[in-house]
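Here is the structure we will look at.
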There are 2 protein chains.
Amino acid sequence: MDLKNAPITLAEVADAAGVGESTVSRVLRNHGSFSEKTRARVMAAVDKLGYVPNKIAGALASTGTPLVAIIVPSLSNIVFADVLSGVTRALEVRQKQAVFAVTEYDPMREEALVAAVLAWRPEAVMLVGLEHTEGTRKLLRAAGCRVLELLDIDGEPIDIAVGFSHRSAGRATAAHLIEKGYTRIAYVGHDMERDTRSAKRLEGFVEQLNQAGLTLRDREIRNAPSSVSAGKAGLANVLSRSPDVDAVYFSNDDMALGGYFHCLSVGIPVPDRLAIIGFNALDICRHTPQPIASILTRRVEIGRRAAELLLEDAPAQTVDVGFLLVPGETA
Amino acid sequence: MDLKNAPITLAEVADAAGVGESTVSRVLRNHGSFSEKTRARVMAAVDKLGYVPNKIAGALASTGTPLVAIIVPSLSNIVFADVLSGVTRALEVRQKQAVFAVTEYDPMREEALVAAVLAWRPEAVMLVGLEHTEGTRKLLRAAGCRVLELLDIDGEPIDIAVGFSHRSAGRATAAHLIEKGYTRIAYVGHDMERDTRSAKRLEGFVEQLNQAGLTLRDREIRNAPSSVSAGKAGLANVLSRSPDVDAVYFSNDDMALGGYFHCLSVGIPVPDRLAIIGFNALDICRHTPQPIASILTRRVEIGRRAAELLLEDAPAQTVDVGFLLVPGETA
DNA sequence: TTGTAAGCGTTATCAC
DNA sequence: GTGATAACGCTTACAA
């Protein structure tokens, strides 16, 4: 075991194997030609010395970097974690490294983080959503790397977009409630300035209501990230303001769960007295005493698909992976 | 807007500013001395050209890399996402980049990922837990970078460990149930081979029971990752086998939530007929109709603390951030 | 205060 | 099939 600071270099391996540096490089990358005998000699030296190739040097010498940057708004929301899982699993197969950052839903921070990751010359940058600052766009354009925008397709993508239409999801949700005969419908949501996708869902939702001659009976928008407690408090407020509401659309399943818990706590019969519908179809909401109605989104699939498109060097395009309304027992 | 492929280089900035390359380098890193006038000239050129320094080249030229590798078992568990948040937030301040990978609880995969990530010569590698393959240890030792092991301190750390004692947490949980007067206690857990920390908790739990002259009335171990549905199914099995059980310890809050939902569904009074206690004190479990008793773990704090120790180049040490038993209404 | 030049550890382009 | 050697784009002495 060597406790020396300096890691082994290609040159040392070449020396130990009694071959040239380029030969070692060829063998290690299995590229170009070399005899089986040299290969064995090189590998023996590699094993003996415990050589780990320096990709920093490799990246600088070759043209591209096997690095993919992934910038997400948050990690406390399982949705982004799922997307990230899909991405990293697909990248791992091709030996690409994920470089990663969290914006906390702040566009300016996103811009700064994009600049930071661009310094690593990634072959691609993955972002969530289609809304970015002009600065971010400019940086990305100048960098000339692939850009993948995930989870949303309602807008103008920079390069590749993989996701689904939140506006359609909102419409589908409204259509479902309308079909079920609910007419006095309210909305309980979280901070929409930061989460533009939830705003798009609400837009579609209201559009569909209007089309059916209905309007939103009440709306409660919490000035906070989505959470169970925000959903709980939000529903309580709506019910005290508009006691006649018969269905509530929550901005997502965390919020819906809070609403559902509120109903359980104070004994409001669901869905007879009040229907509840959320968004994302989180695992938890499939296992509550009554499964909560929601929209199933294919999050891992979105991550995986995006990574694949990148790896196969697909042309600019927008991929709609769709969504699925899952009725549950609450609406 | 230039659509040329080749990104701007330091040399081009130097030319544009009419200064030498090293001057640009000094100005950009705010290191060494230069006049205010040159600084202005350089910055003007940087802005004009939209120069983004190439950290790959920078890292190769200087000794260290401002890269920190973070390898977690999973992302679907919010616990690791929380730790990751803490780490990235702390790193961002110091302009360090996180490079990241997911093991899916597979030690061999962890080893492969450590090798992959070491190729980027990170200044540190962060891992979850203290159990790693001999190969992983060897790689890490040879690399000579800092190693931070998170979330567990029951064992021999390689370098720095930040976490708490799962064994103690298990004991504390048992002590709480015993104090509350429960005597017919069962355990419902998930896949322990993969999650060694849950095994340690159970060990401590049983130790404490035995010390009080009690034994585990029943134990149900699902051969699957933790989930709400596994908790639900697990509790159902336990109750059909051992109907007289009066309290159940779940391997974590996801599982406990499933158990709690089962009780709500079939009308088992909690905690009068059955007490429930989990682990992690997830936000959701604080907002169920009855808050679920659990152990609060300081996950974000663990990530943050680890990053800080790394940044201040602290010596090898073990930091116990502790945990807190939160009673709730279910136990 | 500033510029020149020698690396950093690879890959890639040549000859041989 | 193999080995010099020139990049790659920066940082960092060392000179000026």
Side-chain angles (χ1 to χ4, degrees), chain A residues 4-42 45-46 49-67 95 97 118-123 143-144, chain B residues 4-42 45-46 49-67 95 97 118-123 143-144:
Chain A
K4 314 302 300 174
N5 269 352
I8 314 296
T9 69
L10 226 204
E12 298 177 65
V13 175
D15 273 2
V19 299
E21 299 187 26
S22 31
T23 301
V24 177
S25 177
R26 282 188 215 104
V27 170
L28 256 29
R29 286 174 303 131
N30 197 27
H31 182 272
S33 51
F34 43 81
S35 69
E36 184 46 43
K37 211 177 108 184
T38 21
R39 167 194 211 106
R41 282 244 296 274
V42 169
V46 166
L49 298 174
Y51 172 64
V52 176
N54 183 336
K55 298 225 186 203
I56 298 271
L60 184 59
S62 54
T63 42
T65 338
L67 242 35
Q95 316 257 60
Q97 255 306 314
L118 246 22
W120 293 97
R121 301 291 187 265
E123 69 180 61
Chain B
K4 312 304 298 174
N5 270 353
I8 313 297
T9 69
L10 226 206
E12 298 178 66
V13 175
D15 272 4
V19 299
E21 298 187 27
S22 43
T23 303
V24 177
S25 177
R26 282 186 216 108
V27 170
L28 256 28
R29 287 173 305 126
N30 198 27
H31 183 271
S33 54
F34 43 81
S35 70
E36 184 46 42
K37 211 176 110 185
T38 4
R39 167 192 212 108
R41 281 242 296 273
V42 169
V46 166
L49 298 175
Y51 172 64
V52 177
N54 183 337
K55 297 226 185 199
I56 298 270
L60 185 58
S62 53
T63 41
T65 339
L67 241 34
Q95 315 258 61
Q97 256 306 311
L118 246 23
W120 293 97
R121 300 292 186 265
E123 68 179 65

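Computed from heavy atoms alone, side chains included, the values below leave out hydrogens, waters and symmetry copies. The chains referred to below are lettered A, B, ... by the order of the sequence lines, with proteins before strands, and numbering in each begins at 1.
Closest heavy-atom contact between B/Tyr51 and B/Thr9: CE1-C, 3.6 Å. The two residues A/Ile8 and A/Leu49 come nearest to each other via the heavy atoms CG1-O, 3.5 Å. Shown here for B/Val24 and B/Ala14, the closest heavy-atom pair between the two residues is CG2-CA, 3.6 Å. Residues B/Thr65 and B/Glu123 share a closest heavy-atom pair of O-OE1, 3.2 Å.
Atoms OG1 and CZ, from B/Thr38 and B/Arg26 in turn, are 9.5 Å apart once rounded to the nearest 0.5 Å. Here the CG atom belonging to A/Leu67 is positioned 13.0 Å from the NZ atom belonging to B/Lys55, to the nearest 0.5 angstrom.
The side-chain heavy atoms of A/Trp120 and B/Pro66, taken from C-beta on, include a pair separated by under 4.5 Å. Residues B/Pro7 and B/Val52 form no side-chain contact, since every pair of their non-hydrogen atoms from C-beta on lies 4.5 Å or further apart.
Comparing B/Val19 and A/His31 by the nucleotide of DNA chain C that holds the closest heavy atom to each, the one mapping nearer the 5' end is B/Val19. Comparing A/Glu21 and A/Ser33 by the nucleotide of DNA chain D whose heavy atom lies nearest to each, the residue mapping closer to the 5' end is A/Ser33. Taking for each of B/Gly32 and A/Ala59 the nucleotide of DNA chain C with the nearest heavy atom, the 5'-most of the two is the partner of B/Gly32.
Contact annotation for B/Ser22: base contact, defined as any heavy-atom pair under 4.0 Å involving a base atom.
Taking only side-chain atoms of B/Ala61, from C-beta outward, the nucleotide of D/dG3, D/dT2, D/dG9 with the closest atom is D/dG9. Counting only heavy atoms from C-beta on, B/Ser62 has its side chain closest to D/dT11 among D/dT2, D/dG3, D/dT11. Closest approach to the B/Arg29 side chain among D/dT2, D/dT11, D/dC10 is made by D/dT11 (side chain taken as heavy atoms from C-beta onward).
Remark: P of D/dT11 and CZ of B/Arg121 are 19 Å apart, rounded to the nearest angstrom. Here the P atom of nucleotide D/dC8 and the CG atom of A/Asn54 are 19 Å apart, to the nearest Å. Atoms CG (B/Leu60) and C1' (D/dG9) sit 9 Å apart, rounded to a whole Å. The nearest whole Å value for the distance from the NZ atom in B/Lys55 to the C1' atom in D/dT11 is 14 Å.
Contact annotation: side chain of A/Arg26 to base of D/dG3, donor-acceptor pair present below 3.5 Å.
Contact annotation: A/Thr23 side-chain N/O to D/dG3 OP1/OP2 distance is under 4.0 Å. For A/Thr38 and D/dT2, the shortest distance from a side-chain N or O to OP1 or OP2 is below 4.0 Å.
A/Ser62 contributes a side-chain N or O that, together with a main-chain N or O of A/Gly58, makes up a donor-acceptor pair within less than 3.5 Å.
Each end of the helix from C/dT1-D/dA16 to C/dC16-D/dG1 yields a helix axis from five base pairs, and these two axes differ in direction by 40° (to the nearest 10 degrees).
Contact footprint of chain B on DNA chain C: nucleotides with an atom under 4.0 Å from a non-hydrogen protein atom, first to last in 5' to 3' order, C/dT1 to C/dG9.
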